[in-house]
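As structure tokens, the structure follows; a few thoughts come after it.
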Amino acid sequence: MVLEAIRYTPGPPSQLQILDQLKLPHTEVYDDIYSSSDAWRAIKEMRTRGAPAIAIVAALGLAVELNKMELSDSAPEAEIFIKQRLDYLVTSRPTAVNLADAARKLRKIVEKAAAAQGATGDSLRQAYTKASEKMLVDDVSDNKAIGQYGAEWILKNRATSAGETVSVITHCNTGSLATAGYGTALGVIRSLHARKSLKHAFCTETRPYNQGSRLTAFELVHDQIPATLITDSMAAALLRIKSSSESISAIVVGADRVAANGDTANKIGTYSLAIIAKYHGIKFLVAAPRTTIDLETKSGEQIIIEERPGREVTLVKGPRHDGVSLDLNVVETVSIAASGIGIWNPAFDVTPAELIDGIITEVGVVEKDSNGVFHLDKIFDGLDVEMHPPTIGGI
Ligand SMILES: CSC[C@H]1O[C@H](OP(=O)(O)O)[C@H](O)[C@@H]1O
């Protein structure tokens with residue numbers, strides 16, 4: 001079975017389903033998305049999550065809505081409606097830039113359609129739908145290029161102690177469950193595995209939502225990739241004890257927003273891993289498509305960090321385990337914190353560019369110049385930043 005966070009059937013009538021990630025890894029339930037409001041709720045509740053996936057579900061949720069409603073024949077009225085729904089969708093989660101980037105591009109497409117001779121509500125609907133559907137396809141191809149570039153870079157820059165194969169640590173979930181498929185940082189791991197160059201993958205639990213233990217572990221087991229789950233607090237010890245014996249050559253993470261200077265907002269705990277990597281002389285890489293790079297945000301200080309409800313730290317929900325086996329028919333919620341304690345629950349942190357060795361994109365790996373500065377604008381001029389096209393091996 002192919003792991004699909006998003007199931008979409010073009011219309012009319014178009015159909016959209018999302019895999020409810022709050023129920024993974026034990027049960028696979030798909031929820032129907034009939035409107036932009038359904039999409040907003042699914043994103044807000046984190047039934048669907050992951051910077052690229054959020055953008056795609058939002059865009060397609062509105063496409064489904066447009067394709068089943070009586071949209072005004074007036075192009076100006078239709079344009080206003082579509083833009084209002086896009087503005088609403090962007091409010092679902094503030095840190096990941098992919099959603100805002102997609103909304104900006106879709107607005108431009110709708111404006112261009114509205115300016116065309118003989119524009120109608122239906123011509124805007126068609127232009128919007130075509131553009132939003134293309135996001136689904138582009139994301140997978142971008143992720144496979146990220147995977148190839150990232151694998152090539154890690155092998156070229158692997159730790160001296162490593163042999164022909166390398167081990168990698170990753171954080172949170174950046175795979176098929178965070179994207180339209182294949183994944184970004186997890187796509188790099190998939191690419192290394194496909195080349196028979198991966199010794200072992202180590203995934204962190206990623207408290208408090210547990211994207212690592214619930215989602216990345218699920219994907220790694222599904223793909224039969226040799227992997228070990230560690231708690232977030234074990235990463236430093238792992239590097240101190242096993243970095244040479246396990247040939248750990250890099251920590252690769254995803255991103256929710258990369259600022260123009262390379263400062264990167266990603267799942268909480270990423271910054272700690274970057275510090276650990278620096279201390280242990282391990283490469284620290286961010287894997288992200290260009291839709292995650294925000295040249296309008298000059299540095300990490302300007303990135304809004306979403307704070308989530310305290311109950312996500314203090315409560316854990318899942319199927320009952322009686323010490324011997326799971327009972328999938330009984331889902332329980334347990335409290336794991338003292339009542340009355342204050343909770344701080346930022347969903348992300350910002351890793352400064354100085355701690356990042358490379359940013360793996362679908363057009364190449366961006367490295368800092370001799371002054372330690374990332375020039376991310378260059379990859380938007382169609383210029384490849386590292387002219388080592390991936391040898392398409394394995395995938
Ligand atoms: C493909 S990168 C996904 C990115 O999004 C995750 O955040 P969340 O699970 O809260 O949506 C995490 O930061 C990942 O790195």
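Computed from heavy atoms alone, side chains included, the values below leave out hydrogens, waters and symmetry copies. Order of listing sets the numbers, starting from 1, for every ligand and every atom in it.
The N/O atoms of Gly50, backbone and side chain alike, include one that comes under 3.5 Å of an N/O atom in ligand 1. In terms of N/O distances under 3.5 Å, ligand 1 is not approached by Thr179. The N/O atoms of Thr174, backbone and side chain alike, include none that comes under 3.5 Å of an N/O atom in ligand 1.
For Arg85 and Tyr88, the positive end sits near the middle of the six-membered ring, less than 6.0 Å away and at most 45° from its axis.
In this structure, Asn173 is part of the shell of residues with a heavy atom less than 4.0 angstrom from ligand 1. Ligand 1 has no atom lying under 4.0 Å from any heavy atom of Ala288. Residue contact annotation: Asp256 has a non-hydrogen atom under 4.0 Å from ligand 1. Proximity of Cys172 to ligand 1 is established by a heavy-atom distance of less than 4.0 Å. Look at Tyr209 and you'll find every heavy atom at least 4.0 Å from all atoms of ligand 1.
For ligand 1, the atoms closer than 4.0 angstrom to any heavy atom of Pro52 are 1 (C). Those atoms of ligand 1 with a heavy atom of Gln211 less than 4.0 angstrom away are 8 (P), 9 (O), 10 (O). Near Ala255, meaning under 4.0 Å from any of its heavy atoms, are these atoms of ligand 1: 2 (S), 15 (O).
The protein heavy-atom contact nearest to atom 14 (C) of ligand 1 is Asn266 OD1, 3.6 Å.
By the criterion of a heavy-atom distance under 4.0 Å, the side chain of Met46, and not its backbone, is placed next to ligand 1.
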